[in-house]
Structure formats: C-alpha cells, structure tokens
2 protein chains.
Amino acid sequence: MTESRVFKALGDPLRLRIVQRLSSESHHTISTLSEDLGLTRQGARRQIQVLVDAQILRLQPVGRETRVTLDVSTLETAREWITSLERQWDQRLMALKTLVEATPTN
Amino acid sequence: MTESRVFKALGDPLRLRIVQRLSSESHHTISTLSEDLGLTRQGARRQIQVLVDAQILRLQPVGRETRVTLDVSTLETAREWITSLERQWDQRLMALKTLVEATPTN
DNA sequence: CAAAAAGGCAACAAGATTGTTGCATTTTAT
DNA sequence: ATAAAATGCAACAATCTTGTTGCCTTTTTG
C-alpha cells in the first residue's frame with residue numbers, strides 16, 4: 001500500500017503539529033519550525049524530511065533559507081483512501097441487511 | 001494530537017491490508033488474518049493489537065476464537081481531521097488571493 | 001477423555017526511529 | 001571582508017518496532 005507512507009508520516013504528534021501549522025500560517029522555514037517545536041534544528045529537520053519523503057511537504061530553497069509548504073493533494077489522496085474504505089464497509093452492511101430481511105425467520 | 005495514534009496504526013502496509021480486508025469481507029478471526037498475511041499467528045497478533053489500541057479494530061472473544069471487526073467511527077474521525085486541515089488551507093489561500101487582488105500593482 | 005484448534009504471554013535479536021552533538025558550507029548584513 | 005544566519009551531513013546512543021520461538025491455557029471435536 002502506497003498510502004502507508006503518508007499515514008506513517010502523519011503518525012507522530014510533532015509531525016502533525018508541523019502540518020497543522022503550515023495549514024494555517026504562512027512563511028515557515030526550517031528554523032522557525034524548529035523553534036515552534038522546541039527541538040534542535042536538526043531534530044526538527046529530521047521530522048520535516050519524513051513529511052517531505054511522504055510528499056506531504058515541499059521544500060523550496062530561497063537564498064540562505066528554505067521555505068516549507070504543504071502539498072495538500074497528498075492529504076487529499078489519503079483522505080480519499082479512507083473514504084473509499086468507509087464506502088466499502090457501508091456497502092457490506094447494506095448487503096448484509098438486505099440478506100437478513102430476505103431470510104424468513106424460523 | 002490524539003489522531004497521531006490512529007495515523008500511526010495505519011502507517012504500515014500489513015496493517016493497511018488488515019483494515020482493507022475487514023472492510024470488504026466478514027467473519028475474520030486472528031487465525032484467518034494470520035494466514036492471509038503470511039505471518040505467524042503471534043506476528044499478526046502484534047499488528048492487530050496496534051490497530052486495536054488505536055481503536056480501529058475491536059476484538060470479540062467467541063468460544064475459542066476471537067472475532068475481529070472494524071470500528072469505522074475512528075476512521076471517520078481521522079478522515080475529518082484531514083478534511084478540516086484542508087479547509088483551513090483553502091481559507092488561507094482564499095485570504096491570500098483577496099489580499100493580492102486588493103493590492104495595487106506598483 | 002484425548003487430540004486438535006484458537007489463543008495468550010514473555011523473551012530475543014534484528015532493524016528502524018529519534019534527537020543530539022560536532023563540524024563544514026553558503027548567503028546576507030554590517 | 002567579517003560576522004551572523006540558515007543549512008547540510010554524519011556519527012551516536014537511546015528507544016521503539018517487528019517477527020520469531022517456546023511454552024501454557026481454554027474450548028471444541030471425534
């Protein structure tokens with residue numbers, strides 16, 4: 001499953017905080033995010049890279065700093081994966097219900 | 001972030017397969033899932049427990065076997081978390097666009 | 001009742017993850 | 001031209017994670 005990488009990247013409180021910040025505020029760099037998280041720069045950098053590998057974030061070097069932005073399309077794909085799973089589940093329940101109603105009570 | 005536990009649980013190909021199977025087919029036990037995954041029973045049990053801890057699965061002992069079922073409400077919550085994040089992002093883009101349009105070009 | 005089926009718990013080794021420190025490079029500001 | 005700012009890369013130690021094996025208990029079946 002390709003999606004597992006995305007979910008795995010989201011599966012950490014710190015990384016979830018990063019994603020949340022990026023969704024609501026603009027102009028973040030590796031340094032500003034490090035300060036926000038209370039980690040060393042390299043510590044935060046690690047976490048950011050996990051999100052970049054999962055294509056949830058994008059890095060854009062601008063001069064001496066690196067701009068960090070969100071790639072919402074990846075999140076959308078993840079959301080849709082869950083949605084289709086829920087749909088499958090609903091269909092199965094529906095089929096089961098129909099089956100029960102069609103079966104005469106003994 | 002409470003959701004990180006759910007995402008983390010989904011962040012593994014094997015576990016994702018378990019969830020997918022449970023959404024489409026019924027009557028699964030720990031043993032049948034083990035066979036499906038090609039792991040030892042204890043190996044599969046570990047993975048199942050991760051999903052149970054994240055409240056994505058429920059276990060229900062029936063006689064000597066243990067029925068495994070999906071708890072879709074947890075998946076729904078996770079999906080909604082993503083949705084609200086996307087909404088926040090959209091709002092920010094919208095605000096930015098308005099700002100740009102209102103600023104006279106120099 | 002004895003054997004098979006389904007499971008539980010704990011210990012282990014191999015890998016993966018995390019956050020830190022140390023040091024080098026590039027860009028910007030004084 | 002320096003100094004400060006923003007990063008990068010690599011090595012480490014401390015933790016998790018994973019799948020296996022070994023052994024014990026409970027429930028069903030013949």
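Order of the sequence lines fixes the chain letters, A, B, ..., with proteins taken first and strands second; residue numbering starts at 1 for each chain.
The separation between B:Gln47 atom CD and D:dG19 atom C1' is 9 Å, rounded to whole Å. A straight line from CG of A:Leu33 to P of D:dA6 spans 13 Å, rounded to a whole angstrom. As rounded to whole Å, 16 Å separates atom C1' of C:dA16 from atom CD of A:Gln49. Atom CG in A:Asp12 sits roughly 17 Å away from atom P in D:dT15 (whole-Å rounding). The separation between A:Arg46 atom CZ and D:dT7 atom P is 17 Å, rounded to whole Å. Look at CG on A:Leu39: it is 17 Å from P on C:dT17, rounded to the nearest Å. Rounded to whole Å, atom C1' of D:dG30 lies 12 Å from atom CZ of B:Arg64. To the nearest angstrom, C1' of C:dA5 lies 13 Å from CD of B:Gln42.
In terms of phosphate contacts, A:Thr29 brings no side-chain nitrogen or oxygen within less than 4.0 Å of OP1 or OP2 of D:dA6. Remark: B:Lys8 is not in phosphate contact with D:dC16, judged by side-chain N or O atoms under 4.0 Å from OP1 or OP2.
Among the heavy atoms of the strands, none lies under 4.0 Å from A:Ile48. Counting non-hydrogen atoms under 4.0 angstrom, B:Arg45 reaches the backbone sugars and phosphates but no base. Nucleic acid contact class of B:Arg15 (heavy atoms, under 4.0 Å, all strands): sugar-phosphate only. Within the 4.0 angstrom heavy-atom criterion, only backbone atoms of the sugar-phosphate kind lie near A:Leu14; the bases stay farther away.
Considering only side-chain atoms of B:Arg41, the nucleotide from D:dT18, C:dG19, C:dG8 that sits closest is C:dG8. Checking C:dT21, C:dG8, C:dT18 against the side-chain heavy atoms of A:Thr40 singles out C:dT21 as nearest.
Of the possible polar contacts, none joining the A:Thr66 side chain to the A:Val62 backbone as a donor-acceptor pair under 3.5 Å is found.
Both A:Gly38 and A:Glu65 lie near DNA chain C, and the one whose nearest nucleotide falls closer to the 5' end is A:Gly38.
Going from atom NE2 of A:His28 over to atom CZ of A:Arg67 covers 11.5 Å, rounded to the nearest 0.5 Å.
Under 4.0 Å is where a charged nitrogen must lie from a carboxylate oxygen, and between A:Arg21 and A:Asp36 at least one such pair does.
Under the 4.5 Å side-chain heavy-atom criterion for Ile, Leu, Val, Met, Phe, Trp and Tyr, A:Ile30 and A:Val50 are members of distinct hydrophobic clusters.
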Would B:Gln49 and B:Arg45 count as a side chain to side chain donor-acceptor pair (under 3.5 Å) if you check the C-alpha gap in whole Å, the side-chain angles of each, and the deciding distance to 0.1 Å? CA-CA 6 Å; B:Gln49 189 58 44; B:Arg45 186 62 176 84; 2.8 Å; yes
